[in-house]
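Worksheet: one structure, shown below.
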Amino acid sequence: MFSHLPLYYPAIDAIGHSVILTALVGLIPLAAFFVLLGAFKVKTHWCALISLVLSFFIATIGFSMPMPMALGAATQGLALGFMPIIYIIIAAVWLYNLTEASGRSQDLRAVFNNVGKGDVRAGALIIAFSFCGLLEGLAGFGAPVAIVAAMLVTLGIKPIKAAIVTVVGNAINVGFGAMAIPVTTAGRLGGQAPSYVANIMGHLTPFLATFIPLILVAVLDGKRGIKQLWPLAILIGAVTSLGHFVTAMFSYELTAVLASLLGLAAAYLFLRVWTPKTPEEYCDQVNSDAVPSRERVVLALLPYILVVVIIAFTKLWKLGVDIDKALKATDIKIPWPGVYGQLTDQFNAPAKSAIYTLQTLSNPGTWIFVSAILVAIIYAWRGRGTAYELPLKRGLGELPQTIYRLRLSILTIALVMALAYVMNFSGQTTAIGAALALAGAAFGFLSPILGWIGTAVAGSATSAGALFANLQSTAAAGAHLDPGILLAANTIGGGLGKIVSPQNLSIAAGAISQPGSEPEILRKVAPISVALLLVLCTLVFVASQGWLGFYMPLPVK
């Protein structure tokens, strides 16, 4: 149908034969989105739609992309938005809503307040940093933010604060998310061993991970929170950092999982011997007739235990049969109409990015749905005749209600993904990266910004790696820098960019049942994201100049 279309390779100097001018024009849709959202408080789905229209006109007029191809790029983005991203979000929020509808959310709140010695802030810190990191390491793709933000609201955290601490707490593990797919992608496309890239990341992330829990405490309760909870925050950050450092050296796919488990264990043990000073408004406010029984505790935790166990099984089981490999074999590769065959790479071959992968059994969302169905059945069975009664019909009926409540978030995410694909396939995003790469040796400082921008646009550190890994390696060769350091910077920077990603903001807003709150969340998380990015840029520049040679891992030959 589209075979008559000319071949198209994105030009980084499409506007006036100038890379800088092309990059500035390419930035317009992204700048428009954030200005409309943050400064003018335009509803997020309208921001996304306006930015999509801008990117479409820039792609077709400024970058000479054929209009049918631009439409094809937008529809591929829509497809990816629905599957796997929206699919995962619906499953995760439905799972949480079962806890809420059954009334077991109060028991869940009691469990985490008990772990936190009755301090709601301590429980929130553990969930937002360690539990969220565990889910990120196993599933990724928005599921951790959707689940954890909803859990924090149940715990008693105000919705906007719940969203902020979730997206910030999640960031440091994004690069190692979903069994470290972003690392693998960046390494392979950048011509470096993924294990080497991960090892460098494990040496860099501790400088951030150690202090992020302190930032979360500050968000939760300001200076008072830092003063009263700093020992717990520093301990969780330090132990998690140690987990990153060590695990990345021998099994990088498990870095986020093992580091987060170590953080959880350290927090639990520390709180057995140390009690924080807790202000009255953050004391356990759970109204229950008694401390939950063992069965009530198990049933309250059941949704999240099941998610971790089932997804861990699908990702890690190798005995006799490689479950992860077998499930991925069911993926369906679809050369996208209007794009595949016409969009080319630098070798004039059909771009592989124009092949859409329809994930079915390998999609974490499928197993979150399975977990939710099992939870609905068990809650119906164990809740009969009790205060927690939730008939199966009502539990299943929560699914369409969940979809309805998420309708604006679903629309926003779909539009944002369409925007990302038009920007990516037309060359707008690549032009931005190429302009930054002109800085030569100073690119060591700017390198993380590429990953930050890529993930801010696409909502995925994996996509940021796919976009910029080759560019990072090429720039490293030209500036005589270690490509492994720049690839690590791109991947870590991607995690920090996810804090302000419109897709991520919409997920968080949907999870806290406040669609339309994205502008407020953005205004509060943007300074944190930029501050962490500047720290990372400085750190990467120092490392790229060889000034941390005694500390950094040796290059892989």
Exercise. Flag the pair R121 and D119 as a salt bridge only when some basic side-chain nitrogen lies within less than 4.0 angstrom of an acidic carboxylate oxygen.
Key: yes
Quiz prompt | Results of side chain to side chain contact (heavy atoms under 4.5 Å, CB included) for T357 - residues two or more places apart only | solution = D331, K333, Q359
Please output the side-chain donor-acceptor pairs of residues 525-537 that fall under 3.5 Å, not counting sequence neighbours, one pair per line with the distance.
from	atom 1	to	atom 2	distance (Å)
S529	OG	W452	NE1	2.9
S529	OG	L496	O	2.9

Exercise. Sort and list the pairs that fulfil ring pair (Phe, Tyr, Trp, His ring centres under 6.0 Å) and have at least one residue in residues 520-540, not counting sequence neighbours.
Key: none
Quiz prompt | Side chain to side chain, I410 and I90, heavy atoms closer than 4.5 Å | solution = yes
Exercise. Name all pairs fulfilling the ring pair (Phe, Tyr, Trp, His ring centres under 6.0 Å) condition that reach into residues 142-179, sequence neighbours left out, sorted by first residue then second.
Key: F176-H244
Quiz item: Using 30° and 60° as the class limits, which term best fits the ring planes of H203 and Y551: parallel, tilted or perpendicular?
Solution: perpendicular
Quiz prompt | Polar side-chain atom of R272 near backbone of L269 as donor-acceptor pair, under 3.5 Å | solution = no
Quiz item: Would a 4.5 Å heavy-atom cut-off, applied to side chains only, mark F468 and S447 as touching?
Solution: no
Exercise. Using salt bridge (Lys or Arg N to Asp or Glu O under 4.0 Å) as the criterion, list what pairs up with K524, not counting sequence neighbours.
Key: E520
Quiz prompt | Side chains of W274 and L235 in contact at under 4.5 Å (non-hydrogen atoms) | solution = no
Quiz item: I310 versus L374: any side-chain heavy-atom pair under 4.5 Å?
Solution: yes
Quiz item: Tell me, do Y252 and M201 make a side-chain contact under 4.5 Å, heavy atoms counted?
Solution: no
Quiz item: Looking at residues at least two apart in the chain, or sitting in another chain, which of them share a side chain to side chain donor-acceptor pair (under 3.5 Å) with S51?
Solution: none
Exercise. Give a yes or no on whether a salt bridge exists between R224 and E281, defined as a side-chain N under 4.0 angstrom from a carboxylate O.
Key: yes
Quiz prompt | Check: P553 and I200 side chains under 4.5 Å, non-hydrogen atoms | solution = yes
Practice problem: Give the intermediate values and the outcome of side chain to side chain contact (heavy atoms under 4.5 Å, CB included) for residues I311 and I368. | Solution: CA-CA 8 Å; I311 292 181; I368 300 174; 4.1 Å; yes
Quiz item: Going by heavy atoms in the side chains, are L316 and D324 under 4.5 Å from each other?
Solution: no
Self-check item: Non-hydrogen side-chain atoms of Y379 and T99 separated by less than 4.5 Å
Solution: yes
Quiz item: Using the ring of each side chain (for Trp, its six-membered ring), is F313 parallel, tilted or perpendicular to W317, with breaks at 30° and 60°?
Solution: tilted
Exercise. Can you label the angle between the F131 ring and the Y304 ring as parallel, tilted or perpendicular, going by 30° and 60°?
Key: perpendicular
